[in-house]
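To start, the structure itself, in structure tokens.
Start at 1 and go down the list; that is how both ligands and their atoms are numbered. Excluded from the calculations below are hydrogen atoms, water molecules and symmetry mates; all remaining heavy atoms, backbone and side chain alike, are included. This chain uses plain numbering: 1 for the first residue, then up along the sequence.
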Amino acid sequence: MAEFFKNYVAGEFHSPPGAERFFSVNPARTSDVLGEFAITPAEEVSRAVEAARQAFPAWKAVSRPLRAEVIDRFVQLCKKNQEELAKLVTRECGKPEGMADVIEGIHMSQVAAAFGRLPYGEVIGSEIASKDAFLLRRPVGVIAAISPWNFPFAIPLWLFQIAMVEGNTIVFKPSEDTPLCGQRIAGMLHEAGVPPGVFNLVHGDGATGKALVEHEDINAVCFTGSYEVGRLIRMHCAAHPHKRAATECGGKSGLIITKHANLELAVNAAVLGCFRTAGQRCVSTSRLIVDESILPKFVPAFIERTKQIRIGDALRDPNVFCGPQINREAVEKVERYNQMVRDSGRKVLLNGGPSAAPEHREGHFMSPFVYQMDQYDSSFRPLQEEIFGMNAGIIPYPEGDFEEALRIHNDTEYGLAGAIITDDMREAREFKERAEVGLMYINLPTIGAEVHLPFGGLKRSGNGHPSAITLREFVTDKVALTHNFSSSIQLAQGLSAKVQ
Ligand code: UN1
């Protein structure tokens, strides 16, 4: 019998009576059930939002350094439990990089804790010598945080640690694929002494998330996930002007490899970008835009390296490079795109798909699929839609035609991450000036951002940076304060002169 884990509302572990339930399952070994959770219905979501609303004034009144102390204690707990947390991440979402995820979450929490003792406003010079002017920041109120499964520890902490230090209160809904990681976060925040109602956790599916976003007492939504859901959230918030939304909605990252590239670096960047986390990062590379003159060298080297990728259950084999897809639907989705490529008659260089290997039969494993375009075709769906799996297209461009490489790179509605491998300074600079992405890399893969950099996308990849360092802008209101120290009123722009 799987253990049942309760929601965390108003400082207590509690669950809605009679709610439907779901299971969290290890995607590498589906007989391994991690726990059972409630699909929280709308009334219970309301209870959580009300708890957050009630806690808001008192939390806002706590000093910033003291608010940050809670996060600092959370960091201590994470460090103490690091090994166990890393294993939990791997067990619940299948990726071998459980430890990296935990460390990324710790880093984000450290940044948040530091904010408690850093300046948080600005002094602005007034036109009038006897006036002082300031930009102040205030918390916006109750924030809904909705996170994806692929960074089940780090991304939730990107979404709400800074928000809490800024004085907001939180209702968090983790992905239904990784609820136990969300549960551990709630447990450790509780242990760290977060006051009742400041942080609340509700488990559930899309309907739970919808009830949370649409609750009238929510002031802001921080969301990382698919474009389809992010778009609905933004549309809802646009129609309810007291709510704001920051969404990070995936990508279609391209890696340009020019003829001035260091080939070894290019192969490494391509393998890491395309296949780390089994292609299940929103920043994963799915388009390799390669100068045709280096294809004869690049393609065999890339394919050779890709064939060596070790796929498996990281809890049984510490040397695996990537784990399974998160669930059956994900396998089916990736395979649909693989089939689209096969059916189109494009050159398939590595005919991956659902793995038939005996060591993979207990989980949702796939092997990498690589194809090569003959003629670039922007309407080809596998080049335009986010696949979130190991499906990579090689797109050759005419020798030396860097303009064409850039055009192809930007020829997508997404704009999250992009990279170029080149030792040519001019190409690197052109890329820096013109790549339409929020995260740009030169001589690096499209993955691997650090938390103290802005993280977010352009175009349909999102708005408002719901994560990492720039979250602070989003979770605070900016207020201008002007303070007069004279006994007369002098207005700016010469206005008092006119009325005299
Ligand atoms: C994601 O792409 O889903 O940049 C998040 C990276 C990680 C975060 C990725 N730091 O690869």
Tabulate distances under 3.5 Å between N/O atoms of ligand 1 and N/O atoms of the protein, writing both atom names on each line.
unit_1   : atom_1 : unit_2 : atom_2 : d
ligand 1 : 2 (O)  : Cys282 : N      : 3.0
ligand 1 : 2 (O)  : Val283 : N      : 3.2
ligand 1 : 3 (O)  : Asn150 : ND2    : 2.9
ligand 1 : 3 (O)  : Cys282 : N      : 3.1
ligand 1 : 4 (O)  : Gly448 : N      : 3.1
ligand 1 : 4 (O)  : Ala449 : N      : 2.7
ligand 1 : 10 (N) : Glu104 : OE1    : 3.1
ligand 1 : 10 (N) : Glu104 : OE2    : 3.0
ligand 1 : 10 (N) : Ala449 : O      : 3.0
ligand 1 : 11 (O) : Arg281 : NH1    : 2.6
ligand 1 : 11 (O) : Gly448 : N      : 2.8

Side chains of residues 104-113: which donor-acceptor pairs under 3.5 Å do they make with residues two or more places apart or in other chains?
unit_1 : atom_1 : unit_2 : atom_2 : d
Glu104 : OE2    : Trp158 : NE1    : 3.4
Ser109 : OG     : Gly105 : O      : 2.9
Ser109 : OG     : Gln161 : NE2    : 3.0

Aromatic ring proximity, centroids under 6.0 angstrom, His190 and Tyr8: yes
Geometric cation-pi criterion, Lys95 with Phe151: 6.0 Å, 45°: yes
Pairs flagged by ring pair (Phe, Tyr, Trp, His ring centres under 6.0 Å) wherever residues 161-186 is involved - sequence neighbours left out: Phe160-Phe172
Just list the side-chain donor-acceptor pairs under 3.5 Å for residues 414-423, sequence neighbours left out, or say none.
unit_1 : atom_1 : unit_2 : atom_2 : d
Thr422 : OG1    : Thr258 : OG1    : 3.2
Thr422 : OG1    : Asp424 : N      : 2.9
Thr422 : OG1    : Glu427 : OE1    : 2.6

Geometric cation-pi criterion Arg460 and Tyr227, 6.0 Å radius, 45° cone: yes
